[in-house]
Protein chains: 2
Amino acid sequence: MTDDVGGAVLRGGPEPGMLRSGQVADAAGVNVETLRYYERRRLLPQPDRSPGGHRLYPTDAVTVPRVVKAAQRLGFSLDEVAELLAVGRPGHPTPGRPRGRTTGTGRRGLQERAATKLAEVETRIADLQVIASTLRAALDARCDDLMACAANETCCPIPFSAIASIPVGAPDADRP
Amino acid sequence: MTDDVGGAVLRGGPEPGMLRSGQVADAAGVNVETLRYYERRRLLPQPDRSPGGHRLYPTDAVTVPRVVKAAQRLGFSLDEVAELLAVGRPGHPTPGRPRGRTTGTGRRGLQERAATKLAEVETRIADLQVIASTLRAALDARCDDLMACAANETCCPIPFSAIASIPVGAPDADRP
DNA sequence: GGTAACCCTGTACCCGGGTACGGGATGCAA
DNA sequence: TTGCATCCCGTACCCGGGTACAGGGTTACC
């Protein structure tokens, strides 16, 4: 089992053309801890190490955390991003996180995943549009008391049944 | 200090016209544990108790968890819902949760809060529309490998800078 | 060679919105 | 009166995406 994901140990002076974790973190706009966290989740490959055990990254390593952040902003979870990155990598079929449940969506290409995500995003937009118009209706009705309003169903502008299928959650949910 | 939020203890037979927690939960479509959770967070007033300590709710108590769920779907957090409910209640100025930080938005009416939320929802819709068109661009470009794509910035359809301001998070984030 | 700045590891904690569980007490009907 | 369903309370745990901290070791620069 040459599970050769680990980085080599380099020896010599102040490694030219190599970056230390803080530099990568700064360049990518993330925390050093976050880099380690990504490494634990196999988003980032294990970098080489200095003789003293410090991580040393090639200069293009900054691309990974940047891509991760971009993909997150496009709506992908870190698990999904890990799969997206694995798609493009030669050997490893799946990153094989230590103890994770499978998400069920294995082995699909970037195209297919993007299409799926696009559909999810469009669904969410539609939901939010229903929410927005409901809020506008509540504003128009000059409703002042939620409970009083909800009590007499005949006049309440909140369409309880119409919004029943909308997932619970803030519109700008889990901003870090 | 007549901090009279606590429910009375009733005595007698199988209380007519009163509901037990399981019945309220079923009628509202939530878990019994969730009702207790809402009570802890002062979303639900403390109900009366049977001589043995079981909660007994008036029949209209089901409205509260239903309204809470509806408000959540409209994008309000439980803290915000607590404030919304407090607005309509006579005595208590704020629900005064035990050890919570203040959200900063104190003492505003339903109208104003709805308007704020509407603006948030509209912002989120706009963000998701940018995301959707980015995903469409990635599909159009028939991009197959995230890393390869991101590496040569000149052709990559992902507008890193354009999406940089979008909050990180799944489109359908924190569905329970 | 001094020393400040960085980096290492592991573990615990944060957020919101609940769920799950253990061990006992009640309610209600047959 | 017995049996079973329901309920009580407190506490711990779940999820995702990190952050914070303690207690050391290493590097870079002067």
Side-chain angles (χ1 to χ4, degrees), chain A residues 9-16 18-26 30-41 43-44 46-47 49-57 65 68-69 71-73 75-82 97 100-101 103 167-170 172-176, chain B residues 9-16 18-26 29-41 43-44 46-47 49-57 65 68-69 71-73 75-82 97 99-101 103 167-170 172-176:
Chain A
V9 174
L10 310 178
R11 62 198 65 188
E15 298 304 335
M18 299 296 268
L19 301 174
R20 317 183 56 190
S21 57
Q23 297 175 297
V24 175
D26 285 355
V30 299
N31 219 313
V32 181
E33 326 278 301
T34 304
L35 281 188
R36 292 210 306 124
Y37 177 65
Y38 287 175
E39 189 180 319
R40 274 209 300 288
R41 299 204 43 164
L43 287 158
L44 222 52
Q46 299 211 9
R49 299 289 184 135
S50 77
H54 287 196
R55 288 171 180 80
L56 288 176
Y57 297 89
V68 171
K69 280 295 169 199
Q72 271 189 302
R73 279 192 255 272
F76 294 95
S77 71
L78 288 187
D79 275 3
E80 288 169 329
V81 178
R97 275 190 301 121
R101 301 132 358 294
T103 328
V168 166
D172 57 344
D174 68 340
R175 195 189 298 248
Chain B
V9 174
L10 310 178
R11 64 199 64 187
E15 297 305 334
M18 299 295 269
L19 302 174
R20 314 184 57 189
S21 57
Q23 297 176 296
V24 174
D26 284 354
V30 298
N31 218 315
V32 181
E33 326 278 300
T34 304
L35 281 188
R36 292 208 308 123
Y37 177 65
Y38 286 176
E39 189 179 320
R40 274 208 299 287
R41 300 205 39 166
L43 288 158
L44 221 52
Q46 299 212 9
R49 298 290 183 133
S50 77
H54 286 197
R55 288 170 180 79
L56 288 176
Y57 297 88
V68 171
K69 281 295 170 199
Q72 270 189 303
R73 278 192 254 273
F76 294 95
S77 71
L78 288 187
D79 275 3
E80 288 170 329
V81 178
R97 276 190 302 122
R99 309 167 2 85
R101 301 139 354 298
T103 327
V168 166
D172 57 345
D174 68 340
R175 194 188 301 246

Q) Is the shortest side-chain N/O distance from Gln72(A) to OP1 or OP2 of dG18(D) below 4.0 Å? A) yes
(Q) In whole Å, I'd like the distance from the CG atom of Asn31(A) to the P atom of dC8(C). (A) 13 Å
Q | dT27(D) phosphate, OP1 or OP2, under 4.0 Å from Arg49(A) side-chain N/O | A | no
(Q) Nearest 0.5 Å, please: how far is OH in Tyr38(A) from CG in Leu44(A)? (A) 9.5 Å
Q) Picking from dT6(D), dG18(C), dC6(C), which would you name as closest to the side chain of Tyr38(B)? A) dG18(C)
Q. What nucleotide among dG17(D), dT19(C), dT26(D) has an atom nearest to a side-chain atom of Tyr37(A)?
A. dG17(D)
**Q.** Residue mapping more 5' on DNA chain C - nearest nucleotide basis, Val68(B) or Gly53(B)
**A.** Val68(B)
Q | Minimum-distance nucleotide (side-chain atoms of Leu78(B) versus dC28(C), dC8(C), dG18(C)) | A | dG18(C)
Q. Does Ser21(A) make a side-chain N or O approach to OP1 or OP2 of dC6(C) shorter than 4.0 Å?
A. no
Q. Separation of Leu43(A) atom CG from dG16(D) atom P, in whole Å?
A. 13 Å
Q.
Side chain of Ser50(A) only, heavy atoms from C-beta on: which candidate in dT19(D), dG18(C), dT26(D) is closest?
A. dT26(D)
Q) What are the two closest non-hydrogen atoms of Arg20(B) and Tyr57(B), and how far apart are they? A) C-CD1, 4.3 Å
Q: Take Glu33(A) and Arg20(B), find for each the nucleotide of DNA chain D with the closest heavy atom, and name the residue whose nucleotide sits nearer the 5' end.
A: Arg20(B)
**Q.** Whole-Å gap separating C1' (dC28(C)) and CG (Leu19(B))
**A.** 16 Å
Q. Between dG17(C) atom P and Leu35(B) atom CG, what is the distance in whole Å?
A. 16 Å
Q: Output yes when at least one side-chain N/O atom of Lys69(B) is less than 4.0 Å from OP1 or OP2 of dG18(C), else no.
A: yes
Q. Within the structure shown, what part of the strands sits under 4.0 Å from Arg36(B) by heavy-atom distance: base, sugar-phosphate, or nothing?
A. base
Q | Selection from dT26(C), dA20(D), dG18(C) that lies nearest to any side-chain heavy atom of His54(B) | A | dT26(C)
Q.
How many whole angstroms separate atom CZ of Arg40(A) from atom P of dG18(D)?
A. 12 Å
Q.
Could you report the tightest heavy-atom contact between Leu56(A) and Arg49(A), atom names first, then the distance?
A. CD1-C, 4.3 Å
Q. Would you say the side chain of Glu39(A) lies within less than 4.5 Å of the side chain of Pro47(A), judging by non-hydrogen atoms?
A. yes
Q) Over how many whole Å does the gap from Leu56(A) atom CG to dC7(C) atom C1' extend? A) 11 Å
Q) Between dC7(D) atom C1' and Gln23(B) atom CD, what is the distance in whole Å? A) 12 Å
Q) Of the nucleotides dT9(C), dG18(C), dA20(D), which has the atom closest to the Arg55(A) side chain? A) dT9(C)
Q. Roughly how many Å is it from CD in Glu39(A) to P in dG10(C), rounded to a whole number?
A. 11 Å
(Q) How close do Val32(B) and Ser21(B) get, counting heavy atoms only, and between which atoms? (A) CG1-OG, 3.7 Å
Q: Looking only at non-hydrogen atoms, find the nearest pair between Val81(B) and Gln72(B) and report the distance.
A: CG2-N, 4.5 Å
